Amino acid sequence: KEHLSISPQDLFSIGTVTQIIKVIPTREGTTKILVQGVARVKITDIKVNEILSGNVTVLPYEFDEKQTPKYHEKINLIKTLMHSLSEHNQYLKEMQVGNYNVPEKVIDYVITQLSLSVLELQKLLEASSYELLFDLVIEFIMREIEIAKIQQKAKNKARESINNNQKEFYVREQIRALKEELGETTEEIDNFRQKLYNIEDIFPEESFKEILQCINRLENMSSESAEA
């Protein structure tokens with residue numbers, strides 16, 4: 001008889017009764033089991049024999065008909081937030097939540113799109129009412145949006161930095177090439193300065209000033225050589 005690796009203390013008191021849809025052996029020697037949720041339940045009277053067993057009580061969500069308009073408002077808010085999240089997250093699946101109005105369907109779909117921990121999913125499962133469930137889901141979606149915005153901002157900043165470096169490199173190369181070709185001719189340096197002003201708007205202000213200073217120094221060097 002093998003020692004049980006799971007004891008009653010390892011279990012949550014609220015869980016899900018599921019139906020096994022498919023059992024899939026893997027190459028690693030483990031087994032994947034595809035299940036479908038049937039009901040949210042609370043487990044009681046756990047018995048430890050060769051297997052863990054116990055009784056369960058179905059836990060329907062508390063539903064207040066007077067709150068129906070409020071439920072619909074929160075469902076609409078969830079749909080709006082998910083749409084916003086999809087705009088910030090390119091990996092989010094095509095939004096289908098708009099087709100749902102049944103609370104369980106909305107929640108089931110949304111949580112498959114969020115990066116939630118086991119404890120956060122358990123927290124959703126233990127919510128006693130639709131109102132609490134909606135509030136938790138809204139909180140989690142808003143957090144995901146905030147994370148997505150921060151990530152996008154970081155990507156944009158990195159992209160902008162790369163673009164600026166590329167522009168500065170391009171101009172430095174142009175200065176080097178023109179300096180070799182122009183020699184000491186002031187008129188040609190003025191020409192180059194005018195060209196720089198023509199494309200001023202593509203540079204950050206500090207970069208433009210630095211490039212202009214380089215041109216001015218080149219002009220001064222030309223003047224000093226002519227005087228000598």
Side-chain angles (χ1 to χ4, degrees), residues 1-68 70-82 85-86 89 91-93 95-97 99-148:
K1 183 178 178 179
E2 294 184 3
H3 177 70
L4 285 174
S5 60
I6 299 177
S7 68
Q9 289 72 34
D10 297 317
L11 303 177
F12 294 109
S13 61
I14 294 177
T16 307
V17 171
T18 62
Q19 177 182 1
I20 297 177
I21 304 299
K22 193 173 184 180
V23 178
I24 310 169
T26 68
R27 293 180 179 179
E28 293 78 19
T30 59
T31 303
K32 290 184 178 180
I33 302 177
L34 178 64
V35 300
Q36 181 176 9
V38 176
R40 189 174 72 107
V41 297
K42 182 172 183 178
I43 190 168
T44 58
D45 304 325
I46 300 177
K47 298 179 179 61
V48 182
N49 297 309
E50 291 187 359
I51 61 171
L52 291 178
S53 62
N55 299 318
V56 296
T57 303
V58 176
L59 294 177
Y61 288 107
E62 296 173 6
F63 182 80
D64 184 353
E65 289 188 5
K66 295 179 181 178
Q67 296 293 325
T68 300
K70 190 174 182 179
Y71 295 157
H72 286 306
E73 280 300 316
K74 291 196 174 183
I75 288 176
N76 288 335
L77 176 57
I78 288 171
K79 291 178 180 180
T80 301
L81 288 172
M82 286 299 290
L85 180 59
S86 69
N89 187 344
Y91 300 107
L92 198 65
K93 290 183 180 178
M95 294 303 301
Q96 301 293 335
V97 72
N99 300 329
Y100 299 136
N101 285 303
V102 179
E104 289 93 337
K105 293 288 186 181
V106 173
I107 299 305
D108 286 349
Y109 176 80
V110 167
I111 62 176
T112 64
Q113 307 299 308
L114 303 180
S115 302
L116 302 178
S117 67
V118 172
L119 290 179
E120 288 169 338
L121 290 169
Q122 183 64 28
K123 195 173 181 181
L124 289 172
L125 192 60
E126 294 179 0
S128 59
S129 67
Y130 283 133
E131 185 169 4
L132 288 174
L133 188 60
F134 290 151
D135 289 345
L136 281 170
V137 169
I138 289 169
E139 177 186 332
F140 291 148
I141 298 173
M142 292 182 74
R143 182 192 65 188
E144 293 274 328
I145 291 173
E146 189 62 29
I147 292 172

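Keep in mind that what you see is a predicted model, and the values were worked out from it rather than measured.
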[atom2] on [Y] to [atom1] on [X], rounded to 0.5 Å:
X: K79; Y: Y109; atom1: NZ; atom2: OH; answer: 12.0 Å
X: L77; Y: T80; atom1: CG; atom2: OG1; answer: 6.0 Å
X: E139; Y: L136; atom1: CD; atom2: CG; answer: 6.0 Å
X: L121; Y: F140; atom1: CG; atom2: CZ; answer: 8.0 Å
X: I138; Y: I75; atom1: CD1; atom2: CD1; answer: 10.0 Å
X: M82; Y: I145; atom1: CE; atom2: CD1; answer: 8.5 Å

With the side chain counted from C-beta on, respond yes when L81 and V137 share a heavy-atom pair under 4.5 Å apart, and no when they do not. no

Residues 113-137 vs salt bridge (charged side-chain N to carboxylate O under 4.0 Å, His left out), sequence neighbours excluded, gives K70-E131, K74-E131, K74-D135, E120-R143

ring-ring contact (aromatic ring centres under 6.0 Å, His included) pairs touching residues 13-58, sequence neighbours excluded, are none

So the ring-ring contact (aromatic ring centres under 6.0 Å, His included) pairs with at least one residue in residues 26-62 (sequence neighbours excluded) are Y61-Y130

Sorted by chain and residue number, the side chain to side chain contact (heavy atoms under 4.5 Å, CB included) partners of I43 (sequence neighbours excluded) come out as I46, V56

Considering only distance and modelled atom types, tabulate donor-acceptor pairs under 3.5 Å from the side chains of residues 12-25, sequence neighbours left out.
none

Enumerate, atom names and distances included, each donor-acceptor pair closer than 3.5 Å involving a side-chain atom of residues 30-42, sequence neighbours excluded.
unit_1: T30; atom_1: OG1; unit_2: T26; atom_2: OG1; d: 2.7
unit_1: R40; atom_1: NE; unit_2: L59; atom_2: O; d: 3.1
unit_1: R40; atom_1: NH1; unit_2: L125; atom_2: O; d: 2.8
unit_1: R40; atom_1: NH1; unit_2: A127; atom_2: O; d: 3.1
unit_1: R40; atom_1: NH2; unit_2: L59; atom_2: O; d: 3.1

